[in-house]
Protein chains: 2
Amino acid sequence: MSVTITDVAMLAGVSTATVSRVLSGGASVLPETRERVHRAVELLNYTPSGVARSLRSRTTRVIGLIVTDITNPFYPDLVRGLEDAVHDQGRSVLFCNAAENVEREQRYLDVLSEQRVDAMVVASSGLTRRWAERLDDFPIPVVLVNVQSPGERFPAVVADNQVGGRIAAEHLVERGYGPIVHIAGALEEGETSVRQAGVADVAGDDLLVAAGDGHLEGGARAMLEIAESIEPPFGVVAHNDLSAIGAMSALHQLGWDVPGQVGVVGFDDIDVTRYVTPPLTSVVQDRYGMGAYAAELVHRLLDGESASGTHLMPVELAVRESTRGPA
Amino acid sequence: MSVTITDVAMLAGVSTATVSRVLSGGASVLPETRERVHRAVELLNYTPSGVARSLRSRTTRVIGLIVTDITNPFYPDLVRGLEDAVHDQGRSVLFCNAAENVEREQRYLDVLSEQRVDAMVVASSGLTRRWAERLDDFPIPVVLVNVQSPGERFPAVVADNQVGGRIAAEHLVERGYGPIVHIAGALEEGETSVRQAGVADVAGDDLLVAAGDGHLEGGARAMLEIAESIEPPFGVVAHNDLSAIGAMSALHQLGWDVPGQVGVVGFDDIDVTRYVTPPLTSVVQDRYGMGAYAAELVHRLLDGESASGTHLMPVELAVRESTRGPA
DNA sequence: GTGAAAGCGCTAACAC
DNA sequence: GTGTTAGCGCTTTCAC
């Protein structure tokens, strides 16, 4: 791309300043001149250099995005929502998989600083915790998604997990599943307690809790453990879908029928909820919307508006076979 | 970030050229000077501007990536593999979801041109087809992933679909499922015929083919259609997992037992294969490896080496319940 | 309405 | 081994 604004200016018989004016749209240029410039651009197949533009204008129109792991089924939708919105703003996304690797996190923060991105979106609780001070020092807006900021230092977009826990538990009670069991996620994940708090809002002191790990195995283990102190019918709210599916396999192993004796609700509504037997009722988060909203916050901050605090996104229940009601 | 190389140079009592030399590593600088510069960098918390560097050095160390849709379960692993490898090269990824929207494709190509990315990776057959001439005119390397280039104009990384079709069919024959049925994908997807060719290598003239659409519904429809001209036992190779799952539900509806009377093999090995009943045997592609290999090709091309032609990635079979053998 | 000129922050010759 | 200098390709005053 060695054709520059100077080439266009010469061909059009104007100055580079005029070419710049035409291409930036706003300024007042004679229609005739404008036309000549456009023709020259066309003829030379000129593409302005974003690099030079960025150097001069001190803004890149690029947003940095750091995600824990795009392979985690939670993120593709979120990334899509963010990306769609960011591009609608005429900006682009510089993408980084943090991989929960401290060294790489540091490198990525360096990269985004060097590239002079206009703002950063972080969807990695580990990074947010480990690098809070450094993020504080960033001279650009930082927005968190699916992460609570320690001390609410940064604007954050998260699902309303407490309401999620609540509607899950309420649904089980309504359907006639007696006491409620909660299978928690891994302890270090911040949201565990919030979801659990929502469940507790409904179940009160009757709540039985066992610690899973957010995966199939932990869910199964927690279910087997808790099975020693309870008899059907009862309802299970798991911290996420994988835990719920693990719990269902444990229940199957115990000979307790789902949904005949036990009702199970998961969280996140990942694809497989539709394919397991029985299909799993789950709390749905609007992942695409969360990404899009994060982009919206970035836009506001870049416009000089404020957007602090934690923004809760609504959740809803996708009701399926696993909570059809006791036989 | 208003601290520049000049500030560092002044504080260290050297010229900007020396600072540049120290930071670039290579050139010969007195250890003592080097130390002074490093201290100044530290003290001022200096981060060099990638923008200025790119303008001067005419290279951004950024790779553009265009993906059809990150929401398609095929892509996250591929993106992860690409991203890991690209970052290991000290480069970054500028990310675009093409969304099979012509207007957006054009905008993305403009964006990547303006941002002066060093190379482009395209994982979108639509874009590759629609913009082949424009891609041809790009003054930078273009690498295709999971897409065949029309006329092999661009280096491409694709799974060895023919071998995939072959091992799927062979497996069914070995397990004792008689004649083979193939449920094809949507016609415009280039790989359909290649996978089918592999199946045909084994089944020969006995092959029955019905057209699906790559989704659940099409798979089910195709299966019902073909059921009129065949009786169990037989084997089914579907164009992808969703088609296979659709076919299984049709078979269930027909009262034909899987795997007791019919064996079914899918393609892609998406997550849900493990959760459907019965778990689905599927042809596995190394998606992560495909992304990583694409990055490797980019690296080679940027090094001035050649890397033309279509690079076939090995496939293998993940054997599960759906092909346990006829009862 | 348009042009001249300065300069964004860096690197790469070229001197010494 | 280090400094000086000239741009990279734009945008943006400031004139006219």
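Reminder, nothing fancy here: chain letters follow the sequence lines and each chain counts from 1. Model, not experiment: these values are computed from the prediction.
Comparing atom distances between the Y46(A) side chain and each of dC10(D), dC10(C), dC8(C) picks out dC10(D) as nearest. Here the nucleotide nearest the side chain of L30(B), chosen from dG9(C), dG3(D), dT2(D), is dT2(D).
Residues F95(B) and E83(A) approach most closely at O-OE2, 2.9 Å, considering heavy atoms. Of all heavy-atom pairs spanning P141(B) and L302(B), the tightest one is CG-CD1, 3.6 Å.
One can place CD of E32(B) at 8 Å from P of dT2(D), the figure rounded to the nearest angstrom. With rounding to whole Å, L23(B) atom CG is found 11 Å from dC10(C) atom C1'. Protein atom CG of L55(A) is 9 Å distant from nucleotide atom C1' of dC8(D), rounded to whole Å. Atom-to-atom, CD1 of I5(B) to P of dG7(D) comes out at 19 Å; the value is rounded to the nearest Å. The separation between E35(A) atom CD and dG1(C) atom P is 17 Å, rounded to whole Å. Remark: C1' of dG9(D) and CE of M10(A) are 15 Å apart, rounded to the nearest angstrom. Distance R56(B) CZ to dG7(C) C1': 15 Å, rounded to the nearest Å.
Contact annotation: R53(B) side-chain N/O to dT11(C) OP1/OP2 distance is under 4.0 Å. Residue S15(A) places no side-chain N or O under 4.0 Å from the OP1 or OP2 atom of dT2(C). Put simply, T33(B) has a side-chain N or O that comes within less than 4.0 Å of OP1 or OP2 on dT2(D). In this structure, S20(B) reaches the dT11(C) phosphate: one of its side-chain N or O atoms is under 4.0 Å from OP1 or OP2. Checking the phosphate oxygens (OP1, OP2) of dC10(D), no side-chain nitrogen or oxygen of T16(A) falls inside 4.0 Å.
Among the heavy atoms of the strands, none lies under 4.0 Å from S57(A). Note on S54(B): nothing from the nucleic acid sits closer than 4.0 angstrom, heavy atoms only. Using a 4.0 Å heavy-atom criterion, one finds that T6(A) contacts no nucleic acid atom at all.
Both tests do not hold together for R287(B) against Y75(B): distance to the six-membered ring centre under 6.0 Å, angle to the ring axis within 45°.
At a threshold of 4.0 Å, the pair R58(B)-D118(B) does not count as salt-bridged, since none of the basic side-chain nitrogens sits closer than that to a carboxylate oxygen. A salt bridge links D69(A) to R80(B): at least one charged side-chain nitrogen sits closer than 4.0 Å to a carboxylate oxygen.
The 5' end of DNA chain D is approached more closely, in terms of each residue's nearest nucleotide, by V14(B) than by the other of A52(B) and V14(B). Both S28(A) and A17(A) sit near DNA chain C, but only S28(A) has its closest nucleotide nearer the 5' end.
Below the 3.5 angstrom threshold, one finds a donor paired with an acceptor across the side chain of R21(B) and the base of dG3(D).
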